[in-house]
Structures are given as C-alpha cells and as structure tokens.
Amino acid sequence: MSAVSWMLILTGVLLNACAQLLLKAGTNSVGAFSFSANNLLPVGIKLATEPHILGGLTCYVISVVVWIMALSRVEVSLAYPMLSIGYVVNALAAWWLFGEALTVERLVGIGVIIFGVFLLART
C-alpha cells in the first residue's frame, strides 16, 4: 500500500474518531435528554446549535470524502478493518478527555485490535 493510501486511511479514521469525541463533548454540554413530541423542537434546536456537535458533524462529512478517496486506492477488505484503529484512539482519548475508565478488559481488547491491524497491514 502506498504512503498516500495509508495517509488517506489514517486521516479518515482520525477524523471519524474526532467526530465521535466532539459529539460526546456536545452531548455532555447539552446533558441527558429524550425525544418526545413535547421536546422534539427545543432539543433539536439545542443539538443543532451546539458547537461541538456541529464540529463533529463537519468531521464526519470530511471523513466521508477522505474515505471515498482511500477506497478508490485500496481494497475494501483491507481498508475497512483499519477503521478499528478508531476504537483504540477513542478509548484512549475518552480516558484522557472525559475520565472514562480503561479497565483491564478494555486494555486487552485494545491490544487485540492493535495486533489485528498489524497483521492486516502486513499483507
């Protein structure tokens, strides 16, 4: 796989992970909510105007464009599993940014993911 292909895949993965983190930050800012007929509009407006959520959605849009460029160069059977790198990035970033737990089980799972990506990357 060429360096450009790797950069596109990693950029797409990191943008996707960034989108998730921004969406989480946005929901932390908005707080817990449920949609009902009574609050659909107020909650929708609150979510649509929250800067972190807008940033997350923007990252998603850009990541789709980058991902399409990556798929034009790399087999999907190799590219798609690379998305699992995002799980690693998000778990570590959520621990650092949001204080989420990194249990032994999660760390073992992260290790398995890293090993799997390493195996795929060697092909």
[atom1]-[atom2] distance between [X] and [Y], expressed to the nearest 0.5 angstrom:
X   : Y    : atom1 : atom2 : value
W96 : L102 : CH2   : CG    : 13.5 Å
L22 : T58  : CG    : OG1   : 9.0 Å
L47 : I53  : CG    : CD1   : 4.5 Å

#### Entry: side chain to side chain donor-acceptor pair (under 3.5 Å) contacts touching residues 23-32 (sequence neighbours left out)
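Qualifying pairs, neighbours excluded: K24-N28, S29-E50.
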
### Task
State yes or no: do W95 and V112 share one hydrophobic cluster built from I, L, V, M, F, W and Y residues joined by side-chain heavy-atom distances below 4.5 Å, directly or via other members?
no

Pairs of donor and acceptor atoms involving the side chains of residues 38-45, under 3.5 Å and at least two apart or interchain, shall be tabulated with distances.
from: N39; atom 1: OD1; to: S36; atom 2: N; distance (Å): 2.7
from: N39; atom 1: OD1; to: S36; atom 2: OG; distance (Å): 3.2
from: N39; atom 1: ND2; to: S34; atom 2: O; distance (Å): 2.5

### Query
At their closest point, which heavy atom of F98 faces which heavy atom of L21, and how far apart are they?
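Closest approach of F98 to L21, heavy atoms only: CZ-O, 3.6 Å.
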
### Task
Please name all residues satisfying side chain to side chain contact (heavy atoms under 4.5 Å, CB included) with A101, sequence neighbours left out, ordered by chain then number.
T103, R106

Please tabulate, one pair per line, all N/O donor-acceptor pairs under 3.5 Å involving side-chain atoms of residues 9-20, not counting sequence neighbours.
from: T11; atom 1: OG1; to: M7; atom 2: O; distance (Å): 2.6
from: Q20; atom 1: NE2; to: Y60; atom 2: OH; distance (Å): 2.1

Which donor-acceptor pairs under 3.5 Å do the side chains of residues 65-92 make with protein atoms, sequence neighbours left out?
from: S72; atom 1: OG; to: M69; atom 2: O; distance (Å): 2.6
from: R73; atom 1: NH1; to: M69; atom 2: O; distance (Å): 2.9
from: S84; atom 1: OG; to: P81; atom 2: O; distance (Å): 2.7

### Query
Quick one: side-chain hydrogen bond (donor to acceptor under 3.5 Å, both in side chains) partners of S5, sequence neighbours excluded?
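S5 satisfies side-chain hydrogen bond (donor to acceptor under 3.5 Å, both in side chains) with S2 once adjacent residues are dropped.
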
